[in-house]
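This report refers to the structure that appears directly beneath it.
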Amino acid sequence: MKKIMKTFAILFIIALLMTGVSIVGTESTTVSAATKVKLNKKKATLTVGKTLTLKLKGTKKKVKWSSSKKKVATVSAKGKVKAKKKGKTTIIAKVGKKKYKCKITVKNKRVKPVAPAITETQIYNNKVLLKNHILLKGFFNDKGNKVISMTIPVANDTTVYKVGIIYELDMDRFGFVCISEKENIQTGINLYMNMTNMSVPVEYAEVDNAAKTGFKATASLFPSTYSRDKSKIVFNLSDTTSYSNKQSACNLGLMNAVVLWNTLLDRELGLSIEEIGFTAFYQ
């Protein structure tokens with residue numbers, strides 16, 4: 001009986017081996033799908049002069065790039081597209097016999113409209129508007145002239161600015177005033193402008209109350225050519241020690257003052273400093 005069972009066991013094992021059945025379990029095999037080859041973009045819009053880099057994903061084979069309309073857009077050997085002129089083209093990436101396409105639309109650059117130049121007549125009319133506003137809404141100063149003013153805090157700055165515009169009736173002119181205080185330093189700037197857009201005098205004064213020192217400076221400028229970023233006015237200094245530092249302080253103070261006068265004009269009348277004669281200030 002034992003001999004028969006042993007013979008049966010051997011035959012059973014042989015049968016299992018022949019049928020490929022595992023007595024410890026079945027082995028599973030995972031087959032990954034092939035990576036799909038594709039462009040990173042199928043379509044794009046560019047303005048003339050702009051560039052875009054296309055990439056063919058899913059392959060390491062050499063890619064041959066071409067453009068159907070080179071006058072509209074070109075493409076480099078590395079897939080960098082450059083827009084040349086308005087129109088439409090197709091960028092082709094070729095690998096072997098397979099082609100992959102991206103449609104490119106090129107548009108012209110958007111041209112920022114140029115604001116019409118402010119005329120002398122408009123400047124004069126705006127000054128008349130400012131004069132009438134001051135006479136109607138302003139308060140009297142100690143010299144009997146009407147004034148509009150405001151205190152302006154500046155972000156991230158401990159300086160306190162007080163600005164005003166005076167209309168001097170007997171002189172028929174405006175006096176622009178800017179006073180600043182920071183710790184022990186006080187500065188004052190006066191600019192006098194008449195109804196025409198001619199050269200205007202400027203006065204600057206600075207006092208250090210702690211050091212008990214100070215200086216004065218005078219200059220003149222043409223409002224129509226004075227630029228915030230380009231103009232440097234040469235001031236006549238009462239004290240020429242540290243000459244370059246004082247010139248810089250005067251010019252920076254004047255530039256800040258014009259910006260603040262612009263804020264006051266905008267608040268009171270919706271006007272800008274350009275509309276009363278400083279036509280080049282923000283250019």
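Just so it is clear, the structure is predicted and the values come from calculations on it, not from any experiment.
- Looking only at side-chain heavy atoms (C-beta outward), Thr241 and Phe215 stay at 4.5 Å or farther from each other.
- Heavy atoms from other residues, nucleotides or ligands lying under 6.0 Å from CE of Met150 number more than 12.
- Put simply, CG on Asn40 and CG on Leu52 are 7.0 Å apart, with the number rounded to the nearest 0.5 Å.
- Of the N and O atoms on the side chains of Gln247 and Tyr243, at least one donor lies less than 3.5 Å from an acceptor on the other residue.
- Looking at Ser224 and Thr279, their side chains never bring a donor and an acceptor atom within 3.5 Å of each other.
- To the nearest 0.5 Å, atom OH of residue Tyr100 and atom OG1 of residue Thr59 are 7.0 Å apart.
- Taken from CG in Leu237 to OG in Ser242, the straight-line distance is 10.5 Å, to the nearest 0.5 Å.
- You'll find the side chain of Leu56 stays beyond 4.5 Å of the side chain of Lys61, heavy atoms only.
- Of the options Phe140, Phe139, Phe174, a ring pair (Phe, Tyr, Trp, His ring centres under 6.0 Å) to Tyr167 is made by Phe174 and by none of the others.
- If you chain together hydrophobic residues whose side chains sit under 4.5 Å apart, Val177 and Leu135 never meet in one group.
- Using a 3.5 Å distance cut-off with no hydrogens or angles, the side chains of Asn194 and Thr196 do pair a donor with an acceptor.
- Surrounding NZ of Lys131 are more than 12 heavy atoms belonging to other residues, nucleotides or ligands, all under 6.0 Å away.
- Note on Leu271 and Val259: same hydrophobic cluster, where clusters join Ile, Leu, Val, Met, Phe, Trp and Tyr whose side-chain heavy atoms are under 4.5 Å apart, directly or indirectly.
- With sequence neighbours excluded, the residues forming a side chain to side chain contact (heavy atoms under 4.5 Å, CB included) with Thr90 are Ser68, Ile92, Lys101, Lys103, listed by chain and number.
- Here CG of Asp266 is found 11.0 Å from CD1 of Ile273. Values are rounded to the nearest 0.5 Å.
- Pairs engaging residues 72-89 under the salt bridge (charged side-chain N to carboxylate O under 4.0 Å, His left out) rule: none recorded [sequence neighbours left out].
- Counting heavy atoms of neighbouring residues, nucleotides and ligands inside a 6.0 Å radius, atom OH of Tyr192 exceeds 12 of them.
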